[in-house]
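These numbers come from the heavy atoms of this one structure, side chains and all, not from hydrogens, waters or symmetry mates. Reminder, nothing fancy here: chain letters follow the sequence lines and each chain counts from 1.
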Amino acid sequence: MEDTNSLIEQRRQNLAGLNARGVNPFMNAFRPDAQCGTVRAELARWAEWNQSPEPKGEPVGLPEGTRVRLAGRITAHRDMGKSQFLDLRDVSGRIQLWIQPKVLGEDAAAIFKFIDLADFIGIEGTLFITRMGEPSVKVESFIPLGKALRPPPGKWHGLEDTEIRYRQRYLDLIANEPVRDVFLKRSQILKEIRGFFHQRGYVEVETPMMQAIPGGAAAQPFKTYHNALGCEFYMRIALELYLKRLLVGGVDKVFEIGRNFRNEGLSRRHNPEFTMLEAYEAYGDYATMMETVESLIRHVALTVVGTLHIEHRNADGDVFKTIDLSHWRRARYKDLVREKAGADWFQVSPEERRRRAVEDLKLAGDIADGYEDFEVTGAVFEKLVEPTLIQPTFVTHLPKQLVPLAKISAEDPTTVEVFECCINGQEIAPGYTEQNDPIAQREALEHQAGGEQQKLDEDFLISLEHGMPPAGGIGIGIDRLCMMLLGQESIRDVILFPQLKPKA
RNA sequence: GCCUCGGUAGCUCAAUGGCAGAGCAGUUGACUCUUAAUCAAUUGGUUCUAGGUUCAAGUCCUAGCCGGGGCACCA
């Protein structure tokens with residue numbers, strides 16, 4: 001890259017200064033024996049014990065005088081002349097370093113002049129508490145580990161330029177601690193989800209992302225080409241059809257967490273590649289899976305966020321929304337629609353429903369001319385009901401036309417055994433009593449394909465003909481779950497590298 | 001694809017159509033415990049790109065690029 005400025009030039013000169021003294025500022029390895037944030041916390045714990053009145057009991061934490069060997073990035077520099085303070089940071093947090101040229105010795109002090117803010121260094125020293133009470137390390141020796149040839153973003157405001165934050169996420173992670181926290185917590189969320197399913201006896205699997213026929217959802221796929229096989233493949237749009245093959249194969253409880261790809265618009269809630277969890281349990285049904293979803297999300301909230309009351313804050317730090325995961329409402333689709341569209345909504349004629357939707361409910365832009373009656377009601381649900389379902393709600397008894405691939409409810413044959421779990425105004429997890437009748441499944445898929453036989457996944461239908469156990473299944477959009485649990489309003493803030501248009 | 005807002009120093013932001021600025025960072029100096037260190041001095045610009053209007057454009061107009069928000073698309 002050609003772009004240079006005086007700041008980059010200065011850093012290159014410091015690099016040259018190190019090289020001229022035979023110092024390689026890009027080391028192969030360095031073995032620290034502790035972590036910055038951990039050491040700081042343990043030293044603070046000892047200091048608190050040390051200052052407490054008698055009786056003190058057994059010492060705790062790490063005492064002053066302990067030798068440590070630490071590595072990290074220099075994130076602050078306070079120069080007092082004969083005494084300098086640095087902040088050294090690694091993934092665990094930061095700790096203050098105290099540097100005195102006279103302690104380092106003449107040679108090391110000369111080398112230290114070429115160290116810049118944001119460089120990685122390794123140090124050895126002893127722990128002590130400053131007069132101001134700050135847990136610190138008195139540095140006795142240091143070694144450059146990785147020089148930064150570009151200046152870091154500012155420290156006051158952090159990095160706010162959204163484009164740089166997304167394109168150069170590493171800078172966002174360096175500059176913005178809350179962002180770092182979100183992604184560390186996302187990792188914990190995935191860990192807890194896996195633990196939850198393993199603890200329940202589920203088997204985790206990995207199925208193909210490149211598929212000859214993209215099935216399991218109705219979405220536009222990405223297309224790719226395999227040179228050696230000489231044929232086109234699609235990136236998967238869902239996990240479903242391969243996981244059901246595994247139910248046929250006798251894997252009774254199975255789940256997968258993986259990327260789906262949909263060639264559609266981007267928005268605050270949509271990224272072209274997104275992470276999906278699907279789980280299937282043989283001999284269960286949609287009620288089984290409702291319990292699973294609720295238990296899973298409660299478990300993850302408690303272990304990762306530490307509470308069932310999830311606060312979402314605005315830019316000023318004020319709570320504007322609290323999601324209460326201790327109460328899970330169950331509501332029928334028709335009842336929710338009636339709440340918004342009128343108690344007699346389902347008694348009036350289809351023509352009257354359409355008129356009310358367009359004129360009274362102002363959904364003209366959301367209702368196409370060719371919409372059937374159930375789609376008109378569907379628009380009411382999607383536009384007027386779903387966004388209001390902030391608190392956890394299982395929407396059940398959906399009309400069978402809306403979800404053609406699910407099993408009919410025995411209790412009400414006009415509806416299907418399906419739930420949509422809505423939280424935070426979004427559908428977070430749909431769940432089904434899965435179709436295991438190969439004849440009904442074939443009819444439904446053929447109807448959906450609209451006569452295009454190529455799109456039928458024959459192998460999947462054949463697998464069902466070998467016999468699939470009754471099963472409950474769920475899909476959970478992991479990114480949206482993370483948004484809800486971590487108080488983020490944009491999917492780009494829970495995906496490390498969200499999709500952006502390449503810079504020319 | 002459409003509507004709308006934005007793009008100025010490394011970062012965060014100013015600048016009625018009239019000399020392109022500040023804070024921080026950087027550099028130099030002072031200071032033996034600072035932590036948004038402080039104090040003094042100081043460097044740093046293709047104002048996203050290409051055209052146009054004008055005596056004069058960061059500012060107005062046209063087109064484009066990139067981003068945010070909204071819409072459309074999305075079982």
| query | Over how many whole Å does the gap from Gln100(A) atom CD to U34(B) atom P extend? | reply | 14 Å

| said: I'd like to know whether Leu70(A) forms a side chain to side chain contact (heavy atoms under 4.5 Å, CB included) with Gln35(A), so could you lay out the CA-CA distance, the side-chain angles of the two residues, the decisive distance to 0.1 Å, and finally the verdict. | reply: CA-CA 6 Å; Leu70(A) 301 172; Gln35(A) 288 190 300; 5.7 Å; no

| message | Between C61(B) and G6(B), how far apart are the two P atoms, rounded to whole Å? | response | 12 Å

| If we take the C1' atom in both C60(B) and A22(B), what is their distance in whole Å? | 26 Å

| task | Taking atom C1' in both U8(B) and G45(B), compute the distance separating them and give it to the nearest angstrom. | result | 8 Å

| query | Hey, is NZ on Lys407(A) packed in by over 12 heavy atoms from elsewhere, all under 6.0 Å? | reply | yes

| query | Watson-Crick or G-U wobble partner for G26(B), using a 3.5 Å limit on both distances? | reply | U42(B)

| task | Could you work out which one of C11(B), U34(B), C66(B) sits closest to the side chain of Thr130(A)? | result | U34(B)

| message | Any heavy-atom pair between the side chains of Glu134(A) and Ile129(A) that's under 4.5 Å? | response | no

| What integer number of Å spans the C1' atoms of G23(B) and U43(B)? | 16 Å

| task | Tell me which of Leu500(A) and Gly158(A) sits closer to the 5' end of RNA chain B, going by the nucleotide each one is nearest to. | result | Gly158(A)

| Ignoring hydrogens and angles, are the base of U34(B) and the side chain of Ser83(A) linked by a donor-acceptor pair under 3.5 Å? | no

| said: Taking only the C1' atom of each, what is the distance from C5(B) to G29(B) in whole angstrom? | reply: 46 Å

| note | In whole angstroms, the gap separating P of U35(B) from CH2 of Trp156(A) amounts to 13 Å

| Would Lys334(A) count as a cation-pi partner of Phe346(A), with NZ or CZ less than 6.0 Å from the six-membered ring centre and within 45° of the ring normal? | yes

| query | Below 4.0 angstrom from OP1 or OP2 of C66(B), is there any side-chain N or O of Lys501(A)? | reply | yes

| field | CG (Asp107(A)) with more than 12 external heavy atoms under 6.0 Å | value | no

| task | Calculate the interatomic distance between Glu273(A) atom CD and C74(B) atom C1'; express it in whole Å. | result | 17 Å

| request: Determine the contact category for Ala76(A): base if any of its heavy atoms lies under 4.0 Å from a base atom, sugar-phosphate if only primed atoms, P, OP1 or OP2 are that close, otherwise nothing. | output: nothing

| query | Any idea which of C66(B), C74(B), G10(B) is nearest the Pro151(A) side chain? | reply | G10(B)

| Sugar-phosphate, base or nothing in reach of Arg11(A), heavy atoms under 4.0 Å | nothing

| Asp116(A) side chain, from C-beta outward: closest of A72(B), U27(B), G68(B) | U27(B)

| task | Could you give the distance separating C24(B) and A41(B) at their P atoms, to the nearest angstrom? | result | 12 Å

| Which part of the nucleic acid does Leu159(A) contact within heavy-atom distance under 4.0 Å: base, sugar-phosphate only, or nothing? | sugar-phosphate

| query | Within the structure shown, what part of the strands sits under 4.0 Å from Asp79(A) by heavy-atom distance: base, sugar-phosphate, or nothing? | reply | base

| field | N or O in side chain of Lys155(A) less than 4.0 angstrom from C11(B) OP1/OP2 | value | no

| message | How many whole angstroms separate atom CZ of Arg165(A) from atom C1' of U12(B)? | response | 14 Å

| Closest to side chain of Ile164(A), choosing from C11(B), G68(B), U35(B) | C11(B)

| query | Does Glu372(A) offer a backbone N or O that forms a donor-acceptor pair with the side chain of Glu375(A) under 3.5 Å? | reply | yes

| task | Look at Lys400(A) and A75(B) and indicate whether a side-chain polar atom (N or O) is within less than 4.0 Å of OP1 or OP2. | result | no

| Nearest-angstrom distance, P atom, U59(B) to U54(B) | 16 Å

| request: Looking only at side-chain atoms of Leu7(A), point me to the closest of A37(B), U34(B), G10(B). | output: G10(B)

| task | Answer yes or no for this row: Phe85(A) ring on U34(B) base, centroids under 5.5 Å, planes under 30°. | result | yes

| message | Other residues, nucleotides and ligands only: do more than 12 of their heavy atoms fall within 6.0 Å of CD on Glu106(A)? | response | no

| task | Ignoring the backbone of Glu163(A), work out which of A75(B), G67(B), A72(B) is nearest its side chain. | result | G67(B)

| message | Is it the case that over 12 heavy atoms from other parts of the model lie below 6.0 angstrom from the NZ atom of Lys362(A)? | response | no

| said: Measuring only the P atom in each nucleotide, how far is C74(B) from U47(B)? A whole number of Å is fine. | reply: 44 Å

| message | Using the side-chain heavy atoms of Glu264(A), tell me which of these nucleotides is nearest: U32(B), G44(B), C73(B). | response | C73(B)

| task | Mind calculating the distance between CD (Glu134(A)) and P (A37(B)) to the nearest angstrom? | result | 12 Å

| note | Against the side chain of Arg78(A), the closest entry in A37(B), G69(B), A25(B) is A37(B)

| note | Here the distance between atom C1' of A25(B) and atom CD1 of Ile8(A), to the nearest Å, is 14 Å

| remark: Considering only heavy side-chain atoms of His157(A), the closest of U12(B), C11(B), A37(B) is U12(B)

| task | Could you check which nucleotide pairs with A14(B) in any of the strands shown, counting Watson-Crick or G-U wobble with both distances under 3.5 Å? | result | none

| said: By the 4.0 Å heavy-atom rule, please label Gly216(A) as base, sugar-phosphate, or nothing. | reply: base

| query | Please give, in whole Å, the distance from C71(B) P to Lys362(A) NZ? | reply | 17 Å

| task | Give none if U53(B) has no partner; otherwise give the nucleotide forming a Watson-Crick or G-U wobble pair with it, both distances under 3.5 Å. | result | none

| request: Return the nearest nucleotide to the side chain of Ser6(A); candidates are A75(B), U35(B), G44(B). | output: G44(B)

| Looking only at side-chain N and O atoms, does Arg492(A) come under 4.0 Å of OP1 or OP2 in G68(B)? | yes

| U47(B): pairing nucleotide in any strand, Watson-Crick or G-U under 3.5 angstrom | none

| task | Using a 4.0 Å heavy-atom cut-off across all strands, classify Asp366(A) as base, sugar-phosphate, or nothing. | result | sugar-phosphate

| task | For A75(B), give its Watson-Crick or G-U wobble partner with both distances under 3.5 Å, or none. | result | none

| task | Provide, to the nearest angstrom, the distance between the CZ atom belonging to Arg150(A) and the P atom belonging to G26(B). | result | 18 Å

| request: Check if the side chain of Gln96(A) and the base of U34(B) share a donor-acceptor pair of N or O atoms closer than 3.5 Å. | output: yes

| Is Leu402(A) touching bases, backbone alone, or none of the nucleic acid, heavy atoms closer than 4.0 Å? | nothing

| Can you check whether Val494(A)'s main-chain N or O pairs, donor with acceptor, with Arg186(A)'s side chain at less than 3.5 Å? | yes

| query | What nucleic acid atoms does Gly378(A) come within less than 4.0 Å of, heavy atoms only: base, sugar-phosphate, or nothing? | reply | nothing

